[in-house]
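These notes are about the structure you will find just below.
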Amino acid sequence: MVRVLPDVAAIDRCFDYLVPDEMSDQVRVGTIVRVALHGRRVRGWVVEDDVTPAPGVRLQPLAKVTGWGPPAAIVDLAGWAAWRWAGPRATFLRAASPRRRVVSLMGAPPPPPSLRSGQGGSFPYGPPAVSAGGSTNHNQELIGEAFANERSVVRVPPDADPLVFVSAAASLGDALVLTPSAAQAAHLLRRLRREGRAAAAWPHDWARAAAGGVVVVGGRGAAWAPVPTLAAVVAIDAHDEAYQEERTPSWNGWHVAAERARRDGVPCVALSPCPTLESLRWGRLLTASRARERAGWPSIDVVDRRNDDPRSGLYSERLVKLVRSGRRVACILNRKGRARLLACAACGGLARCERCGAAAEQLGEGLRCRACGLERPSLCAVCGSQRLKVLRAGVSRVVEELEALVGASVGEITGQTTATPDTPVVVGTEAALHRLDELDAVAFLDFDQELLVPRFRASEQALALLARAARVVGGRRGNILVQTRVPDHEVLEAAVHADPGRLTIAELARREALGLPPYTVLAEVSGPDAPTMVASLPSSVERMGPDGDRWLVRAPDHSILCDALASVARPRGRVRVVVDPARS
DNA sequence: CGGACAAGCTGA
DNA sequence: CAGCTTGTCCGG
């Protein structure tokens, strides 16, 4: 008899079934099965075997064995994640299961014995990494030390090649390597295979990973890969917010992988040019040499705009010179559309919505309210003038203005655009930094928007943006231009001096004073039934809010926070809980 | 989630 | 009071 968790998000509950004799050799903890439940057949996972039957319940047999599922250790890990991110277990088991049915692990041949290391013990490197180019000059000491610790945060400059760390992990045995995006994972995988490593892509090579003898590479989901004997974990760019699942439960891939490493007692290495404060609290910080770090950040040109003529708009003299230089430049502005804020050129009044009073933005020829979406023709609601001036330009508007300044065509990239423009000058939102590479320079037109946004992680996120830009311009070879009215902000100081530690110190003090992470932990509770849930939380947690329909719950650590969240009955479907919200 | 069943609303 | 909608309950 086995206990089965149905793959139905709303049923976070197990049911017992009989195992027919002919299935018994295929059924163990993790196996994916089909079961009859309440008059229908649903998928589910065996989460316990050899269950003693509860008296007085007539059991149904398993309807079918579908195939391989996550190993027992991962089933257990899913239980932990359900607690840690206050979500149903089924979500995590789904994340850990193969996309297509796996009937046998055969056909996933193990790699040649020469590459199967992982006998444990000291730290011999495997086949020496063939260094192409000069970016693999980390000293061996740093790598050795990283894997000698259980939890290391290795701060490397933005242009550092993570491959040496990945190879070192692979030399220890079956390693798990996480990257923020699937594209980065695919690239890394190709390079590992070129190096002669047996490597499996998550989630495509699920069965190969389960068979063992490979290093598994993937995005955040790879944290759930069925590696039989884990030897090490590496998270590349561990600061990246892409590790966090956007949908609830919003689990974090590298936190899951780190928990796995902890459970198995193997090293976990988080690489980042700008480690988060939370990661620094989690692990021991190791840094590249000062000289190496300084050499790996580009030159950062901070343009102090405090005394510039406001009529020069988003374009300082240095910016104009840069875009006219003929070099490949991306101008970054995190505002989509043409104009996000307008004023009447005649009476000076702001363009606002007639219905709700919120700011109206330019949309085609007319205006649209940014809050309620009401559209109206482009004229002043107060005096009727048709002349409106742009107070806050968006990307599309900047494209037009830069084309006039450069005298050539300028491309545009936002999250929605699909084609990559081939013009030397490109304007875009942050998305442009993920889509372009090998630029000569990146210019942040209004960096204050990043620095001053009212979110407690704003500074860290702003530095991460600069690190991202630094990588896109190829480290030291490129340039970053930053227009700001806060030129002495710690974020800019840290980037200019290639010393993220400067931000760490300032930010830690601020967070401690305000009782914010990493000194505390937060969860966001929202939705129609949030008040009910918040009201029934135990007094071990602090409640803050509401802000609209959002509440913040604060506790000294995850054990208290998650226990508190788990202790209250959840009104189904009507409340959303986000543990460790990225923005707040 | 999705079926079962009860309670409430409507119209003839 | 049939016929339909809406809400609540519960699953082996």
Side-chain angles (χ1 to χ4, degrees), chain A residues 1-72 74-102 203 221 224 245-251 525-537 549 565-579:
Chain A
M1 205 182 81
V2 289
R3 192 151 287 163
V4 172
L5 180 78
D7 182 8
V8 182
I11 308 177
D12 200 4
R13 217 191 111 186
C14 296
F15 300 90
D16 295 338
Y17 293 87
L18 296 166
V19 184
D21 284 343
E22 69 275 18
M23 292 183 191
S24 61
D25 57 336
Q26 306 166 65
V27 174
R28 76 212 71 150
V29 172
T31 303
I32 298 171
V33 294
R34 286 195 83 79
V35 293
L37 183 71
H38 212 56
R40 58 197 173 119
R41 277 193 174 189
V42 296
R43 196 172 90 124
W45 295 269
V46 174
V47 293
E48 259 180 78
D49 50 10
D50 297 324
V51 178
T52 30
V57 189
R58 63 217 178 287
L59 296 184
Q60 299 246 44
L62 293 175
K64 189 176 171 252
V65 172
T66 301
W68 284 74
I74 298 293
V75 173
D76 195 62
L77 186 73
W80 169 82
W83 168 82
R84 175 65 175 70
W85 286 284
R89 274 170 97 185
T91 318
F92 302 105
L93 289 172
R94 215 176 295 144
S97 299
R99 297 291 164 272
R100 287 205 305 264
R101 204 156 75 97
V102 171
W224 298 102
E245 167 67 57
E246 285 179 350
R247 291 161 297 183
T248 41
S250 61
W251 52 278
V525 182
S526 60
D529 280 346
T532 330
M533 176 161 172
V534 169
S536 52
L537 282 168
D549 69 337
L565 292 172
S567 73
V568 298
R570 191 100 61 101
R572 41 172 257 204
R574 309 188 51 82
V575 61
R576 178 181 148 93
V577 177
V578 181
V579 178

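As the structure is a computational prediction, the values presented were derived from the model and not from experiment. A, B, ... follow the sequence lines: proteins, then strands. Residue 1 opens every chain.
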Practice task
Drop me the distance from A:L59's CG to A:D16's CG, to the nearest 0.5 angstrom.
Solution key: 6.0 Å

Handout entry: Side chain to side chain, A:W45 and A:T66, heavy atoms closer than 4.5 Å
Key = no

Donor-acceptor pairs under 3.5 Å, side chain of residues 79-90 of chain A to any protein atom, not counting sequence neighbours: which ones?
| unit_1 | atom_1 | unit_2 | atom_2 | d |
| --- | --- | --- | --- | --- |
| A:W83 | NE1 | A:D563 | OD1 | 2.9 |
| A:R84 | NH1 | A:D580 | OD2 | 3.0 |
| A:R84 | NH2 | A:H558 | NE2 | 3.2 |
| A:R84 | NH2 | A:D580 | OD2 | 2.8 |

Exercise for the section: Identify the 5'-most and 3'-most nucleotides of DNA chain C with at least one atom closer than 4.0 Å to a non-hydrogen atom of chain A. Expected result: C:dC9 to C:dG12

Problem - A:W224 and A:F92 aromatic ring geometry - parallel, tilted or perpendicular at 30°/60° bounds - result: tilted

Problem - Close residues, residues 77-95 of chain A, relative to DNA chain C [heavy-atom separation under 4.0 Å] - result: none

Problem - Contacting residues from residues 20-29 of chain A, given that a heavy atom lies under 4.0 angstrom of DNA chain C - result: none

Problem - Atom CZ of A:R100 with >12 non-hydrogen neighbours under 6.0 angstrom - result: no

Problem - Residues, nucleotides or ligands: over 12 heavy atoms within 6.0 Å of A:D25 CG - result: yes

Practice task
For the pair A:S250 (side chain) and A:R247 (backbone), establish whether a donor and an acceptor sit closer than 3.5 Å, ignoring hydrogens and angles.
Solution key: no

Fill in the blank from the handout: Separation between CZ (A:R570) and OG1 (A:T532), nearest 0.5 Å, reads 12.5 Å

Practice task
Please assess A:W251 against A:T91 for the test side-chain hydrogen bond (donor to acceptor under 3.5 Å, both in side chains), listing each intermediate value before the final yes or no.
Solution key: CA-CA 10 Å; A:W251 52 278; A:T91 318; over 6 Å; no

Practice task
Any chance you could measure A:R34, atom CZ, to A:D7, atom CG, to the nearest 0.5 Å?
Solution key: 9.5 Å

Practice task
Check A:W68 against A:P98 and note the closest heavy-atom contact, atom names and distance.
Solution key: O-CG, 3.6 Å

Problem - Over 12 non-hydrogen atoms of neighbours within 6.0 angstrom of CD in A:E22 - result: yes

Problem - For A:V577 against A:T248, the heavy-atom pair lying closest together - result: O-CG2, 3.5 Å

Practice task
Count the heavy atoms belonging to other residues, nucleotides or ligands that lie under 6.0 Å from CZ of A:R28, then report whether that count exceeds 12.
Solution key: yes

What's touching nucleotides 2-4 of chain B from the protein side, N or O pairs under 3.5 Å?
| unit_1 | atom_1 | unit_2 | atom_2 | d |
| --- | --- | --- | --- | --- |
| B:dG2 | O6 | A:R572 | NH1 | 3.3 |

Handout entry: Smallest separation among heavy atoms of A:V568 and A:S536, with atom names
Key = CG1-O, 3.1 Å

Practice task
Return the residues of residues 7-14 of chain A meeting this criterion: a heavy atom under 4.0 Å from some atom of DNA chain C. Order them by number, or give none.
Solution key: A:I11, A:R13

